[in-house]
Amino acid sequence: MAEILPLHDAVARLVHDGDTVALEGFTHLIPHAAGQEIIRQRRRDLTLVRMTPDIVYDQLIGAGCARKLVFSWGGNPGVGSLHRFRDAVQNAWPVPLEIEEHSHAGMANRYVAGASGLPFAVLRGYTGTDLPRHTDTIKQITCPFTGEQLAAVPAINPDVAIIHAQRADRAGNVQLWGLVGVQKEAVLSARRSLVTVEEIVDELTPVPGQVVLPSWAVTAVAEVPRGAHPSYAQGYYERDNEYYEYWDSIGRNRDSFEQWLDEKVFGVTEEVAR
């Protein structure tokens with residue numbers, strides 16, 4: 001059953017140096033506070049997995065937490081590049097970063113395979129691209145029934161998956177709704193999982209289109225109000241578009257980034273950087 005813990009304790013217990021870590025959320029409910037707590041605890045040599053790494057992964061990469069990134073697209077949405085990601089790939093700063101690139105469909109199918117207990121996923125994809133030439137985890141297979149050439153990709157089974165959600169009850173059942181990406185699949189595919197939530201309530205009131213993760217599928221829950229900021233949490237707060245623009249100026253050079261780390265991450269405790 002899920003254990004309710006402070007964010008600091010949950011990260012300390014669940015995220016270890018050398019782990020494969022997935023922080024998922026598609027535009028909505030991105031677990032920024034948890035990502036910054038990983039930085040604060042100075043985790044190293046992580047393999048970071050995410051369908052669409054944006055500024056929370058720019059922060060983790062720039063802080064030297066990552067040795068590898070498994071992803072399908074990376075950028076500061078609506079603004080431009082991730083400068084700390086770019087610096088790591090081009091200049092190995094602060095440490096070299098290995099990359100493994102897939103398509104969105106490939107990543108989604110990998111999570112589904114992991115959640116289903118399957119060793120790999122099969123899809124019609126990658127045809128006409130050069131990704132199979134650069135990514136060892138994309139293989140061509142022949143359908144035994146039709147002879148069709150298909151792509152196979154290995155399941156993703158992170159050591160720990162981290163997501164943000166709107167609510168959890170005191171038993172650790174988690175409720176999320178709105179624009180939901182692969183959060184459910186990420187949690188079900190992982191060996192351990194942490195869900196940060198806007199609030200812990202006595203009872204989960206049903207919401208149209210909700211996803212409920214039962215307590216037995218979650219390792220730990222941490223109550224972290226505004227834990228998705230600057231992304232949004234439907235029913236709680238809107239996306240902070242100005243922050244994404246602000247991040248471009250912070251991440252663009254090493255000095256401003258390191259100043260941001262000192263002031264907004266290492267200088268605070270369990271607080272969302274602003």
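Computed from heavy atoms alone, side chains included, the values below leave out hydrogens, waters and symmetry copies.
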Assigning hydrophobic clusters by single linkage (Ile, Leu, Val, Met, Phe, Trp, Tyr; side-chain heavy-atom cutoff under 4.5 Å), is V180 placed with V218? yes
Worked verdict on D202 versus R170 for side chain to side chain contact (heavy atoms under 4.5 Å, CB included): CA-CA 6 Å; D202 292 328; R170 301 190 189 285; 2.6 Å; yes
With heavy-atom distances below 4.5 Å as the criterion, would you say the side chains of D87 and I61 are in contact? no
How many angstroms lie between CZ in R86 and CG in L97, if you round to the nearest 0.5 Å? 13.0 Å
Measure across T135 and E101 and return the closest heavy-atom pair with its distance rounded to 0.1 Å. OG1-O, 2.9 Å
N109 side chain vs A105 backbone, donor-acceptor pair below 3.5 Å: yes
Return the CD1 to OG1 distance between I156 and T20, rounded to the nearest 0.5 Å. 9.5 Å
Please evaluate residues F120 and K139 with respect to the criterion side chain to side chain contact (heavy atoms under 4.5 Å, CB included), reporting the C-alpha separation (whole Å), side-chain torsions for both, the decisive distance (0.1 Å), and the verdict. CA-CA 10 Å; F120 65 93; K139 303 296 183 184; over 6 Å; no
Aromatic ring proximity, centroids under 6.0 angstrom, H229 and Y243: yes
Worked verdict on L194 versus L7 for side chain to side chain contact (heavy atoms under 4.5 Å, CB included): CA-CA 9 Å; L194 166 61; L7 178 58; 4.2 Å; yes
Side chain to side chain donor-acceptor pair (under 3.5 Å) between H16 and R43, worked out: CA-CA 7 Å; H16 312 132; R43 293 294 182 267; over 6 Å; no
Treating Ile, Leu, Val, Met, Phe, Trp and Tyr as nodes and any side-chain heavy-atom pair under 4.5 angstrom as an edge, say whether L23 and Y232 lie in one connected cluster. no
Please report the shortest heavy-atom distance between P31 and I163, naming the atom on each side. CB-C, 4.0 Å
Has the side chain of Q166 got a donor or acceptor atom that lies under 3.5 Å from a matching backbone atom of Q234? yes
Checking the side chain of S231 only, and the main-chain atoms of I30 only, is there a donor and an acceptor separated by less than 3.5 Å? yes
Answer whether the closest heavy-atom distance between the side chains of L204 and N173 falls below 4.5 Å. yes
Determine whether a donor-acceptor pair (N or O, by modelled atom type, separation under 3.5 Å) exists between the side chain of N91 and the backbone of W93. no
pair R84-Q59: side-chain heavy atoms closer than 4.5 Å: no
For V268, does its backbone N or O pair with a side-chain atom of R40 as donor and acceptor, under 3.5 Å? yes
When clusters are formed by joining ILVMFWY residues with side-chain heavy atoms under 4.5 Å apart, either directly or through shared neighbours, do W73 and M107 land in the same one? no
Straight-line distance of S193 OG to L188 CG, nearest 0.5 Å: 8.5 Å
Is a donor from one side chain sitting under 3.5 angstrom from an acceptor on the other, for T52 and H104? no
Looking only at side chains, do R192 and T219 share a donor and an acceptor under 3.5 Å apart? no
Atom CD of Q90 with >12 non-hydrogen neighbours under 6.0 angstrom: yes
Mind checking whether Y57 and F71 have side chains closer than 4.5 Å, heavy atoms only? no
Side-chain touch T137/V153, heavy atoms, less than 4.5 angstrom: no
Shortest non-hydrogen separation from D248 to N76 and the atoms involved: N-ND2, 4.0 Å
Answer yes or no: is there a donor N or O on one side and an acceptor on the other, between the side chain of S189 and the main chain of A186, under 3.5 Å? yes
4.5 Å side-chain heavy-atom contact, I38 and L46: yes
Using 0.5 Å steps for rounding, measure from the CG atom of L261 to the CD atom of Q36. 9.5 Å
Evaluate the side-chain proximity of L176 to L29: yes if any heavy-atom separation is below 4.5 Å, no if none is. yes
Side chains of R167 and V197 in contact at under 4.5 Å (non-hydrogen atoms): no
Residues, nucleotides or ligands: over 12 heavy atoms within 6.0 Å of E242 CD: no
Check the hydrophobic clustering (I, L, V, M, F, W, Y; side-chain heavy atoms under 4.5 Å; chains of links allowed) and say if I55 and V265 are grouped together. yes
Does NZ or CZ of R42 come closer than 6.0 Å to the centre of the six-membered ring of F266, within 45° of the ring's axis? yes
Atom of L179, atom of H28 and distance for their closest heavy-atom approach: O-ND1, 2.8 Å
N253 side-chain N/O to S256 backbone N/O, donor-acceptor pair under 3.5 Å: yes
Would you say V160 ends up clustered with V224 if hydrophobic residues are merged whenever their side chains have heavy atoms under 4.5 Å apart, either directly or through other cluster members? yes
Are more than 12 heavy atoms, taken from residues, nucleotides or ligands other than D136, located less than 6.0 Å from that residue's CG atom? no
Please say whether more than 12 non-hydrogen atoms of neighbouring residues, nucleotides or ligands are located less than 6.0 Å from CZ in R67. yes
Working note: F257 + H83, criterion side chain to side chain contact (heavy atoms under 4.5 Å, CB included); need CA distance, chi angles, decisive distance, verdict. CA-CA 10 Å; F257 174 73; H83 302 292; over 6 Å; no
P77 and D54 have their tightest heavy-atom pair at CD-CB, 3.7 Å
Is a side-chain N or O of D58 found less than 3.5 angstrom from the main chain of F85, in a donor-acceptor match? yes
For F26, is the NZ or CZ atom of R50 found under 6.0 angstrom from the centre of its six-membered ring and inside 45 degrees of the ring axis? no
Would you check if the side chain of E223 reaches a backbone N or O of I200 as a donor-acceptor pair within less than 3.5 Å? yes
Establish, for the pair R226 and Y237, whether the NZ or CZ atom is under 6.0 angstrom from the six-membered ring centre and no further than 45 degrees off its axis. yes
Spell out, as yes or no, whether a donor-acceptor pair under 3.5 Å connects the side chain of E263 to the backbone of W260. no
Quick one: CD on E100 to OG on S72, what's the gap to the nearest 0.5 Å? 11.5 Å
Before you tell me yes or no, could you show the steps for Q140 and Y126 under side chain to side chain donor-acceptor pair (under 3.5 Å), namely the whole-Å CA-CA distance, both residues' side-chain angles and the distance that decides it to 0.1 Å? CA-CA 10 Å; Q140 294 296 311; Y126 302 102; over 6 Å; no
Nearest heavy-atom neighbours spanning P132 and I138: CG-CG2, 4.0 Å
Q183 and E24: side chain to side chain donor-acceptor pair (under 3.5 Å), yes or no, with the steps? CA-CA 6 Å; Q183 288 99 314; E24 281 295 349; over 6 Å; no
Test Q149 against T142 for side chain to side chain donor-acceptor pair (under 3.5 Å), laying out the working first. CA-CA 5 Å; Q149 289 295 111; T142 302; 2.5 Å; yes
Using the salt bridge (Lys or Arg N to Asp or Glu O under 4.0 Å) rule, take D17 and R44 through it: C-alpha gap first, then chi angles, then the decisive distance, then the call. CA-CA 5 Å; D17 289 351; R44 292 293 181 265; over 6 Å; no
What is the distance from atom CG of L131 to atom CZ of R133, rounded to the nearest 0.5 Å? 9.5 Å
